[in-house]
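Have a look at the structure below before the remarks.
Letters A, B, ... mirror the listed sequences (proteins, then strands); counts begin at 1.
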2 protein chains.
Amino acid sequence: MLSIAEENYIKRLVYLSLENGAGDGVGTNELATGLQVKPSTANDMLKKLRQKELIDYEKYGKIHLTELGTKIGMEIIRKHRLWETFLYEKLEFTWDEVHEVAEQLEHIQSEKLVEKLDKFLGFPKFDPHGDPIPNQAGEMQLLAKKMLAAVNVGEQCKMVAVKDNSAVFLNYVVELGLGINNQIEVLSKQDFDDSMEIRINGKTNRVSKKFAQNIYVIAD
Amino acid sequence: MLSIAEENYIKRLVYLSLENGAGDGVGTNELATGLQVKPSTANDMLKKLRQKELIDYEKYGKIHLTELGTKIGMEIIRKHRLWETFLYEKLEFTWDEVHEVAEQLEHIQSEKLVEKLDKFLGFPKFDPHGDPIPNQAGEMQLLAKKMLAAVNVGEQCKMVAVKDNSAVFLNYVVELGLGINNQIEVLSKQDFDDSMEIRINGKTNRVSKKFAQNIYVIAD
DNA sequence: TAATAAAGTTAGTTTAATCTAACTTTTAAT
DNA sequence: ATTAAAAGTTAGATTAAACTAACTTTATTA
Ligand SMILES: [Mn+2]
Ligand SMILES: [Mn+2]
Ligand SMILES: [Mn+2]
Ligand SMILES: [Mn+2]
């Protein structure tokens, strides 16, 4: 059984592995930054995770999750997203509040709890942020989504997820009248700073490049 | 904010204080035994809890929770019993399964979560074992219950709670066809070993003294 | 009341997870 | 091809929570 610290390292490795893409592996400093610890701390943990056969890793090399490590990581992400869905759907939490509490709940150890919770929620496929929920086998439904920043002027799209999960970002999204499954039309782009004008439910707003890089959409 | 270890010490102190009764205080060894640690370990923690003003305690003296310590302890018990109720009422857990998972869930830190959970469950007054759930102020509805072992021959009573929460005991209770709110009639008592014959829904069974000391009833 | 037992404390050790400071290896730039 | 910067590692220290072994205090009992 893994400690909460070990679980957090594994989870972070899953995210960084996905970000870095196919087989590239993850660096020690990158991992440390993601977990807000010093590289030396991460380095110590890497030895432990290797010992437990959760990662492939050799001195000065890149970190790769083993099959076992990936499986365990997906289970943690499954729990996190199921709990977020529970808080949002059943307990009236807002989507900017769920992440913080799910960070704690994801470490509760009980297989039965996860499966019963999944059933209770009606086997949801996506969490409140539009992120796919892995099934019991660790598989999840990936949408062919792209960033709002990549949508061309004049095109319509539909928001399916957010990248940033921070309360400050999510509250801004709500302030703009935007939510999952809402339509967005890109009216113009400013070459100078890559800001764009978008129309949401008839209302027009100018948003920054940074903003547009944190909204996921699909063509519509 | 308290660590999980600290919370477990406080919770155990609440239970032992209640058991020992009014103002008697709790001993170091007793506390250590309850938490399955060595007395020296408990002793170290006592210094920390005193430092944090959660207990009154001096060398070789008895341990007393402060008002703050009691308040925090009741909050943990409130969370434990609310989670047990959630698992039982909403997720189809059986009453012998809920305690173990609630031992983990009781340490989740989120006031909002507790209050929303309470509301979601319809502000329950008792958990699946018949134990009263403290309200937000830390108060709970105490029943004037007594042990089945104390019921006289020929009398009827109603089971309101169990003392032992272990799966092995709870499964035995179910096997006997017994549950919360069931009527029990005491048919006879054996002076030799204090075993008794009881009738539950028309069926007669002989139960041991130990058993009868773990069932709480009220007159009926 | 003196001896013995029980209860409680202290000192020193261990493990997990973190840190800082110093060092080594790899990568990037001149 | 050197050199400087970035990335990664090692050594040693710290903190929390546990332990064992030895000691002290309090309670019990002969
Ligand atoms: Mn989240
Ligand atoms: Mn999410
Ligand atoms: Mn319980
Ligand atoms: Mn209970």
Can you tell me how far CG of A/Asp194 sits from CZ of A/Phe211, rounded to the nearest 0.5 angstrom?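 If I round to the nearest 0.5 Å, the distance is 15.0 Å.
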Just compare [options] and give me whichever is closest to any side-chain atom of [X].
{"X": "B/Tyr60", "options": "D/dT25, C/dC19, D/dC19", "answer": "D/dT25"}
{"X": "A/Val37", "options": "C/dT18, D/dC19, D/dA7", "answer": "C/dT18"}
{"X": "A/Asn43", "options": "D/dT20, D/dT9, C/dG8", "answer": "D/dT9"}
{"X": "B/Thr28", "options": "C/dG8, D/dT10, C/dT18", "answer": "C/dG8"}

Whole-Å gap separating [atom2] ([N]) and [atom1] ([X]):
{"X": "B/Tyr9", "N": "D/dA16", "atom1": "OH", "atom2": "P", "answer": "14 Å"}
{"X": "B/Met1", "N": "D/dA16", "atom1": "CE", "atom2": "P", "answer": "14 Å"}
{"X": "B/Asn8", "N": "D/dA16", "atom1": "CG", "atom2": "C1'", "answer": "14 Å"}
{"X": "A/Lys38", "N": "D/dT14", "atom1": "NZ", "atom2": "P", "answer": "18 Å"}
{"X": "B/Leu2", "N": "D/dT15", "atom1": "CG", "atom2": "P", "answer": "19 Å"}
{"X": "A/Glu58", "N": "C/dT24", "atom1": "CD", "atom2": "P", "answer": "21 Å"}
{"X": "A/Glu6", "N": "C/dT18", "atom1": "CD", "atom2": "C1'", "answer": "14 Å"}
{"X": "B/Asp44", "N": "D/dC19", "atom1": "CG", "atom2": "P", "answer": "11 Å"}

I'd like to know whether the aromatic ring centres of B/His99 and B/His80 sit less than 6.0 Å apart in this structure.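 Yes - the distance between ring centres of B/His99 and B/His80 falls below the 6.0 Å cut-off.
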Taking only side-chain nitrogens and oxygens of A/Asn29, does any of them come within less than 4.0 Å of OP1 or OP2 of D/dG8?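 For D/dG8, OP1/OP2 do have a side-chain N/O of A/Asn29 under 4.0 Å.
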N/O (side chain, B/Lys47) to phosphate O (OP1/OP2, C/dT10) under 4.0 Å: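 Result: yes.
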Applying the side chain to side chain contact (heavy atoms under 4.5 Å, CB included) test to B/Ile55, which of B/Leu13, B/Val26, B/Thr70 qualifies?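 Single side chain to side chain contact (heavy atoms under 4.5 Å, CB included) partner of B/Ile55 among B/Leu13, B/Val26, B/Thr70: B/Leu13.
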Taking the nucleotide of DNA chain C with the closest heavy atom to each, which residue, A/Thr41 or A/Lys59, is nearer the 5' end?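 Here A/Thr41 is the residue nearer the 5' end.
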Does a donor on one side chain and an acceptor on the other come within less than 3.5 Å for A/Asn8 and A/His107?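 A/Asn8 vs A/His107: donor-acceptor pair found between side chains.
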Pairing of A/Glu106 and A/Arg78 as salt bridge, 4.0 angstrom limit: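 Between A/Arg78 and A/Glu106 there is no salt bridge, as every charged N stays at least 4.0 Å from the carboxylate O atoms.
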